[in-house]
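If you're wondering where the values come from, they're calculated on a predicted model, not measured in any experiment. Hydrogens, waters and symmetry mates play no part in the numbers below; they use all other heavy atoms, side chains included.
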Amino acid sequence: MANREMAVYCFDTLVSHYNNDETPPPAFDDANHPLFVTWKKIVNGGEPRLRGCIGTLEARRLINGFKDYALTSALRDRRFPPIQSKELPFLQCTVSVLTDYETADDYLDWEVGKHGIIIEFTEPVTNTKRSATYLPEVPAHEGWTKIEAIDSLVRKAGYNGEITESVRRRIRLTRYQSTLFSMHYSEYLSYVKATRGGVAPAINGTSKPAMAFS
């Protein structure tokens, strides 16, 4: 199950990166699971905006996996510039642990809001192999139907041709479930103060923690 300590560890990893320090040891048990780390930025109480989301569909040791993908999703998601330390006060971290992989009967054999989906297909003309995934919360958040989610995922996979029923029928779909936990930076600071002797993390060698101002 994804939990608070996993999100804390991701924040610890990012803060330690900016400070060039060792990451504090994690407070959760190690295990083997696929996982994702998602960073979003919240400014002036608005809708959280994606700033990075990368993970693995293959099982990884959770401790090393969260450490790796906390940094990879924050700094090396090609869709976004690297997250800077000054953005920390506005960040929300969501950790996802993936479970229950199942081969679907067809591209509609899944439930919006319950299943994440992995699609694999071969383009009809070029025979190029394509694949992509959405975590369970993505189609539900966007308000998509199953077909809208599938078509969006086909585009995400890099297919630029017409999306016909014939193309959809080529899809091999794997469905999965996930547990997730989200934490804002302010909650991370409160956790650190409560569990580490009232000392909040300094950023970039300063004596004060980074704080958000409205």
| request: Determine, step by step, whether Ile150 and Ile163 satisfy the side chain to side chain contact (heavy atoms under 4.5 Å, CB included) criterion, reporting the C-alpha distance in whole Å, the side-chain angles of both residues, the deciding distance to 0.1 Å, and the verdict. | output: CA-CA 10 Å; Ile150 290 295; Ile163 302 176; over 6 Å; no
Would you say the side chain of [Y] lies within less than 4.5 Å of the side chain of [X], judging by non-hydrogen atoms?
X	Y	answer
Arg4	Tyr191	yes
Leu91	Lys40	no
Leu153	Ile117	yes
Val97	Ser178	no
Cys10	Cys93	yes
Val167	Glu162	no
Leu35	Met6	no
Phe36	Ile54	no

| message | Among residues at least two apart in sequence or on other chains, which ones pass side chain to side chain contact (heavy atoms under 4.5 Å, CB included) with Arg169? | response | Tyr107, Glu165
| Ala140: what forms a side chain to side chain contact (heavy atoms under 4.5 Å, CB included) with it, not counting sequence neighbours? | Val112
Side chain to side chain donor-acceptor pair (under 3.5 Å) with [X]: which residues, sequence neighbours excluded?
X	result
Tyr159	none
Arg130	Glu123
Lys67	none
Thr133	Tyr176

| Above 12 or not: heavy atoms from other molecules or residues under 6.0 Å from CD of Glu58? | no
Nearest 0.5 Å please: distance from the [atom1] atom of [X] over to the [atom2] atom of [Y].
X	Y	atom1	atom2	value
His33	Thr179	NE2	OG1	8.0 Å
Leu189	His184	CG	NE2	9.5 Å
Leu135	Ile118	CG	CD1	9.5 Å

| message | Quick test of your reading: applying side-chain hydrogen bond (donor to acceptor under 3.5 Å, both in side chains), list the pairs with at least one residue in residues 6-17, sequence neighbours left out, ordered by first then second residue. | response | Asp12-Tyr188, Asp12-Arg196
| request: Determine which pairs satisfy side-chain hydrogen bond (donor to acceptor under 3.5 Å, both in side chains) with at least one residue from residues 95-106, sequence neighbours left out, and list them in order. | output: Glu102-Arg175
| query | Is Lys129 paired with Glu120 through a side-chain N to carboxylate O contact shorter than 4.0 Å? | reply | no
| field | Working for side chain to side chain contact (heavy atoms under 4.5 Å, CB included), residues Met183 and Phe11 | value | CA-CA 9 Å; Met183 171 178 278; Phe11 270 117; 4.1 Å; yes
Give me the atom names and distance for the closest heavy-atom approach of [X] to [Y].
X	Y	answer
Trp39	Ala70	NE1-O, 3.0 Å
Pro136	Gly116	CG-N, 3.2 Å
His141	Glu47	NE2-OE2, 3.1 Å
Lys41	Val43	CE-CG2, 3.8 Å
Ala157	Ser131	CB-O, 3.6 Å

| Strictly under 6.0 Å, is that where the ring centroids of Phe90 and Tyr185 end up? | no
| said: Let's go through Val95 and Thr38 carefully: what are the C-alpha distance in whole Å and the side-chain angles of both, what is the deciding distance for side chain to side chain contact (heavy atoms under 4.5 Å, CB included) to 0.1 Å, and is it a yes or a no? | reply: CA-CA 6 Å; Val95 292; Thr38 303; over 6 Å; no
| message | Restricting to ring pair (Phe, Tyr, Trp, His ring centres under 6.0 Å), what partner residues turn up for Trp110, sequence neighbours left out? | response | none
| Mind checking what makes ring pair (Phe, Tyr, Trp, His ring centres under 6.0 Å) contact with Tyr134, not counting sequence neighbours? | Trp144
| query | Who pairs with Asp30 by salt bridge (charged side-chain N to carboxylate O under 4.0 Å, His left out), at least two apart in sequence or on another chain? | reply | Arg61
| request: Evaluate the side chain to side chain contact (heavy atoms under 4.5 Å, CB included) criterion for residues Asp151 and Arg168: first the C-alpha distance (whole Å), next the side-chain angles of each, then the deciding distance (0.1 Å), finally the verdict. | output: CA-CA 8 Å; Asp151 289 357; Arg168 298 187 189 107; 2.9 Å; yes
| request: Apply salt bridge (Lys or Arg N to Asp or Glu O under 4.0 Å) to the pair Asp77 and Arg51, showing each step before the final yes or no. | output: CA-CA 8 Å; Asp77 188 326; Arg51 281 294 277 115; over 6 Å; no
| request: Write out all pairs satisfying ring pair (Phe, Tyr, Trp, His ring centres under 6.0 Å) with one or both partners inside residues 41-78, taking only residues at least two apart or from two chains. | output: none
| request: Verify whether one side chain among Ser182 and Thr94 offers a donor that lies under 3.5 Å from an acceptor in the other. | output: yes
